[in-house]
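Read the structure below first, then the notes.
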Number of protein chains: 2
Amino acid sequence: MLSQSIEDYLKAIYEVESSEGKVSTSALSEKLGVSPASVTSMVKKLSERKLITHKRYQGVKLTPAGKKIALEIIRHHRLVELYLKEALGVPWDQVHQEAEKWEHVLSEDLEDRIDKFLGYPVTDPHGSPIPRRDGTMIVRQCNALVDVEPDTLVKVVEVSDHDPELLRYLGGIGLYPETEMTVVSKQPFKGPIIVELTGKEHPIGRNAAKYIMVEKARN
Amino acid sequence: MLSQSIEDYLKAIYEVESSEGKVSTSALSEKLGVSPASVTSMVKKLSERKLITHKRYQGVKLTPAGKKIALEIIRHHRLVELYLKEALGVPWDQVHQEAEKWEHVLSEDLEDRIDKFLGYPVTDPHGSPIPRRDGTMIVRQCNALVDVEPDTLVKVVEVSDHDPELLRYLGGIGLYPETEMTVVSKQPFKGPIIVELTGKEHPIGRNAAKYIMVEKARN
DNA sequence: AAATTATTTTAGCCTTGTCTAAATTTCTTT
DNA sequence: AAAGAAATTTAGACAAGGCTAAAATAATTT
């Protein structure tokens, strides 16, 4: 049995690796809210257990064994997020927080029951793909909203779950995964991006727009 | 925020107090699966925090503050047990094990959602009363099956959840809370108790019969 | 290329919750 | 009531996982 701490580190390493490519001590320190020194010592332990590889002063990388565990935790997390929303009506900006705790206590049996209850879903409430039981996960081709040219019809694929406030705002304007919308304009001087959905125009800050992944809609 | 360990101790103290009256170091050691020395040191900490009172070499007792927390945990535990059975079909001999983990990660919000989903239930799948949100719990008048005289019609009130194997046996013969049955005979020399339900007779060992609480059925 | 700055690691300490072994205290038996 | 047995506490150690301060290395600027 792995400690909750180890599970958190493996998940964080996976996520940093996905979004930034390289996994530095300071990135993990930041992400996990612990000191860099603590990261170094945990990194040493994870290396000894062959869950990651590590070259001093360079980054860290998951071994296949470590990756498998990270994806199991992420699978738990995303299944729980969707379950809480579907079965108990928890709003989408709160599910992440709850799932952070539940992901560590989910038995395989319960995982299967929840999976079945949900009809073997492939994405969570934020549009993130749910890893499969075998430790594989689909990879999608999409762009950040911030990089899309104006006058394009796009479909929302995924929204980062890291900021509840952003999620409440987006929910308020009806922007969810699968929603289609038009990128109307990008205001100059790093101003907001204007999108149109359900007939109304809404501003979305450039920073927020980095966390909204979209694909060109079939038109 | 209290540690999982502290929550486990408070719950154990409450349960031992209920079933044995006095709470000794060794009883807690046994119940929690830790050494007596560990119990002593945790007892010291809980006393300092005014969650229990303790006189050296005599027992331990919950303060009102400690009791409130214990009942909150037990409320979580029992709500989760019932929820897992009702919403996800987890068999009644497995819900206890799962709830042992879930009770520590349940937010107040989720507690309320589950409570509402279940229609504000008053007992868990084993017939144990669910403490109310305000920290009170109903106390029922009932007897252990082992103490009932033969030739009595009784109704099952509650079954201990501590032994999954016993629960599987009882489920197999259709013995659940609310079930009515007749105590046919008590075999001599500490032999089993014979009960009749749904037209069949079944033997129940004296030891098991200590863990089955019943009341006289209205006849 | 040297100096400064930023990142990472080492060293050493702390807290939590556990353990074993030994010392106390209480209980039980004779 | 004294001896032996059982229960409890004390003393001291350990593993996990965190921290700070200082040292080492890498990256950047001048």
Around [X], counting heavy atoms of other residues, nucleotides and ligands shown, do more than 12 lie under 6.0 Å from its [atom1]?
X        : atom1 : answer
A:Gln187 : CD    : yes
A:Arg49  : CZ    : no
B:Glu48  : CD    : yes

Just distance, no hydrogens or angles: give the donor-acceptor pairs under 3.5 Å from side chains in residues 62-75 of chain A, sequence neighbours left out.
residue: A:Thr63; atom: OG1; partner: A:Lys50; partner atom: O; Å: 2.9
residue: A:Thr63; atom: OG1; partner: A:Leu51; partner atom: O; Å: 3.1
residue: A:Thr63; atom: OG1; partner: A:Ala65; partner atom: N; Å: 3.4
residue: A:Thr63; atom: OG1; partner: A:Gly66; partner atom: N; Å: 3.1
residue: A:Arg75; atom: NE; partner: A:Glu111; partner atom: OE2; Å: 2.6
residue: A:Arg75; atom: NH1; partner: A:Pro131; partner atom: O; Å: 3.0
residue: A:Arg75; atom: NH2; partner: A:Glu111; partner atom: OE2; Å: 3.3
residue: A:Arg75; atom: NH2; partner: A:Asp115; partner atom: OD2; Å: 3.1

Need one value for [X]: base, sugar-phosphate or nothing, where a base atom within 4.0 Å counts as base even if backbone is also close, heavy atoms only.
X       : value
B:Thr40 : base
B:Ser35 : base
A:Ser41 : nothing
B:Thr25 : sugar-phosphate
B:Ser5  : sugar-phosphate

- Do the ring planes of B:His126 and B:Trp92 sit parallel (below 30°), tilted (30 to 60°) or perpendicular (above 60°)?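 Rings of B:His126 and B:Trp92: parallel, as their planes differ by under 30°.
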
- Task: Please answer whether the main-chain N or O of B:Asp93 pairs with a side-chain N or O of B:Arg168 as donor and acceptor at a distance below 3.5 Å.
- Result: no

- Message: Do A:Thr136 and A:Asp134 pair up side chain to side chain, a donor and an acceptor below 3.5 Å, judged on atom types alone?
- Response: yes

- Toward the 5' end of DNA chain D, which comes first, A:Lys45 or A:Gln58, by nearest nucleotide?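 In this pair, the answer is A:Lys45.
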
- Report the residue (A:Arg56 or A:Ser38) whose heavy-atom-nearest nucleotide on DNA chain D is the more 5′ of the two. A:Ser38

I need the [X] [atom1] to [Y] [atom2] distance, nearest 0.5 Å.
X       : Y       : atom1 : atom2 : result
B:Leu88 : A:Tyr83 : CG    : OH    : 3.5 Å
B:Arg56 : B:Ser47 : CZ    : OG    : 12.0 Å
A:His77 : A:Glu98 : NE2   : CD    : 11.0 Å

- Item | Residue mapping more 5' on DNA chain C - nearest nucleotide basis, A:Lys44 or B:Ala37 | A:Lys44

- Might you work through the salt bridge (charged side-chain N to carboxylate O under 4.0 Å, His left out) test for A:Glu215 and A:Arg140, ending with a clear yes or no? CA-CA 10 Å; A:Glu215 62 180 18; A:Arg140 276 168 324 198; over 6 Å; no

- Residues A:Asp112 and A:Arg133 bridged, charged N to O under 4.0 Å: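 Result for this pair is yes, salt bridge flagged.
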
- Item | Any residue meeting salt bridge (charged side-chain N to carboxylate O under 4.0 Å, His left out) with B:Glu17, in chain and number order, not counting sequence neighbours | none

- Query: For the helix from C:dA1-D:dT30 to C:dT30-D:dA1, what is the angle between the axes at its two ends, each from 5 pairs, rounded to 10°?
  - Reply: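 Rounded to the nearest 10 degrees, the bend comes out at 0°.
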
- What are the 5'-most and 3'-most nucleotides of DNA chain D lying under 4.0 Å from any heavy atom of chain A? D:dA16 to D:dA26

- Using a heavy-atom cut-off of 4.0 Å to chain B, what are the terminal contacting nucleotides of DNA chain C, in 5' to 3' order?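 Footprint of chain B along DNA chain C, 5' to 3': C:dT16 to C:dT26.
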
- Residues in contact with DNA chain D, drawn from residues 9-19 of chain B - heavy-atom cutoff 4.0 Å: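 Within this stretch, nothing sits under 4.0 Å of the strand.
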
